[in-house]
Amino acid sequence: MSFASLRRELRAAANPDHARVARSFFKTGPGQYGEGDQFLGIRVPVLRTFVRSHQTLSLEDVEKLLQSKWHEERLVALLLLVRRYERGDDAEREAVYALYFRRMAHIDNWDLVDSSAPYIVGAHLRDRDRAPLYTLAQSPSVWERRIAMLATQHFIRRGEFRDALAIATLLLHDPHDLIHKAAGWILREIGNRDRAAEEKFLRKHAARMPRTMLRYAIEKFPAELRRRYMTSAP
């Protein structure tokens, strides 16, 4: 399957009504986090069918697709990269990881980050130096900071919490609500596996955590415990 045929099929699947909903959902208005993003109006299950039917698309073409102005084309590109990473040999994985970092400026909304960072960045750094995550966590780009946080999901699934907790600490005073949500969600994931590890973090930091971060982190706690933590928050 060619790059041109994939683009033709994506255009044919476009739905203006769905696109209007997506522009609202992903906050594309002036001053919002997704300002100016453009949508074809194709839902994710449909996009995944294109990923399956075009999985042999070259990395060069996937890179071109990732630079598209259309949100759905960028998402398809990232899902193709995830598939290539999961099924590739060492050389292929290195190439995918390098491409991801080279075009990170185009990974510019929360769904694009969340569907790719754990499976490419986290997976690649599993047995490597994780310093790139700490560099990303201090980036001026909200999306790069979110990539740093979400990449640690890969480690959490393996029962490794150290880097997730360290990056959550770095992001405690982040100004962006999307980072508060990401860090809180990651803390909740840790708690799902080891409540004691999450509560150790909360005992130290809950009083200065943004309320959104804390609310996400304790979402599955018993009601009385949630109340106690929320009353300690700023």
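A quick note: this is a predicted structure, and the numbers were derived from the prediction, not measured.
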Could you list the residues that satisfy side-chain hydrogen bond (donor to acceptor under 3.5 Å, both in side chains) with [X], not counting sequence neighbours?
| X | answer |
| --- | --- |
| Ser68 | Glu73 |
| Glu160 | Arg130, Arg158 |
| Thr49 | none |

**Prompt:** Taking atom types as modelled and ignoring hydrogens, do the side chains of His180 and Arg215 form a donor-acceptor contact shorter than 3.5 angstrom?
**Reply:**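 Looking only at side-chain atoms, Arg215 and His180 do not form any donor-acceptor pair under 3.5 Å.
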Test of understanding: with salt bridge (Lys or Arg N to Asp or Glu O under 4.0 Å), list the residues that count as partners of [X], not counting sequence neighbours.
| X | answer |
| --- | --- |
| Arg43 | none |
| Arg145 | Asp174 |
| Lys64 | Asp61 |
| Arg84 | Glu92 |

**Request:** For the pair Phe39 and Phe26, name the ring-plane relationship: parallel under 30°, tilted 30 to 60°, perpendicular over 60°.
**Result:** parallel
**Item:** Geometric class of the Trp110/Phe25 ring pair [parallel <30°, tilted 30-60°, perpendicular >60°]
**Value:**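 Perpendicular, since the angle between the ring planes exceeds 60°.
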The criterion is ring-ring contact (aromatic ring centres under 6.0 Å, His included); which residues satisfy it with [X], sequence neighbours excluded?
| X | result |
| --- | --- |
| Tyr216 | none |
| Phe101 | Tyr97 |
| His205 | Phe201 |
| Phe155 | none |

**Message:** Under a 4.0 Å threshold between the charged nitrogen and the carboxylate oxygen, would Glu224 count as salt-bridged to Arg227?
**Reply:** yes
Exercise: identify the closest heavy-atom pair between [X] and [Y]:
| X | Y | result |
| --- | --- | --- |
| Ala148 | Ala137 | CB-N, 3.7 Å |
| Leu81 | Val96 | O-CG1, 3.7 Å |
| Ala123 | Tyr119 | CB-O, 3.4 Å |
| Pro118 | Gln153 | CG-OE1, 3.1 Å |
| Ala197 | Phe161 | CB-CD1, 4.0 Å |

Atom pair [atom1]/[atom2] of [X] and [Y] - distance to nearest 0.5 Å:
| X | Y | atom1 | atom2 | value |
| --- | --- | --- | --- | --- |
| Lys69 | Asp37 | NZ | CG | 11.5 Å |
| Ile156 | Leu187 | CD1 | CG | 8.0 Å |
| Leu66 | Met104 | CG | CE | 10.5 Å |
| Leu80 | Leu75 | CG | CG | 9.5 Å |
| Leu78 | Ile107 | CG | CD1 | 5.0 Å |
| Leu170 | Met149 | CG | CE | 9.0 Å |

Do the side chain of [X] and the main chain of [Y] share a donor and acceptor less than 3.5 angstrom apart?
| X | Y | answer |
| --- | --- | --- |
| Glu144 | Ser139 | no |
| Glu72 | Leu40 | yes |
| Ser24 | Val21 | no |
| Glu198 | Asp194 | no |
| Thr152 | Ala164 | no |
| Gln55 | Arg52 | yes |

Could you check whether any side-chain heavy atom of [X] comes within less than 4.5 Å of a side-chain heavy atom of [Y], counting everything from C-beta outward?
| X | Y | value |
| --- | --- | --- |
| Leu112 | His71 | yes |
| Glu199 | Leu225 | yes |
| Glu63 | Leu59 | no |
| Trp185 | Leu150 | yes |
| Val62 | Phe3 | no |
| His154 | Leu125 | no |
| Glu189 | Arg157 | no |
| Val82 | Val51 | no |

Above 12 or not: heavy atoms from other molecules or residues under 6.0 Å from [atom1] of [X]?
| X | atom1 | answer |
| --- | --- | --- |
| Arg102 | CZ | yes |
| Arg195 | CZ | yes |
| Asp90 | CG | no |

**Message:** For a side chain to side chain contact (heavy atoms under 4.5 Å, CB included) check, start with the C-alpha distance between Thr169 and Leu172, then their side-chain angles and the critical distance, and finish with the verdict.
**Reply:** CA-CA 5 Å; Thr169 302; Leu172 277 173; 4.2 Å; yes
**Prompt:** Can you pull the salt bridge (Lys or Arg N to Asp or Glu O under 4.0 Å) pairs that have at least one residue in residues 106-120, sequence neighbours excluded?
**Reply:**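 For residues 106-120: Arg74-Asp108, Asp114-Arg146.
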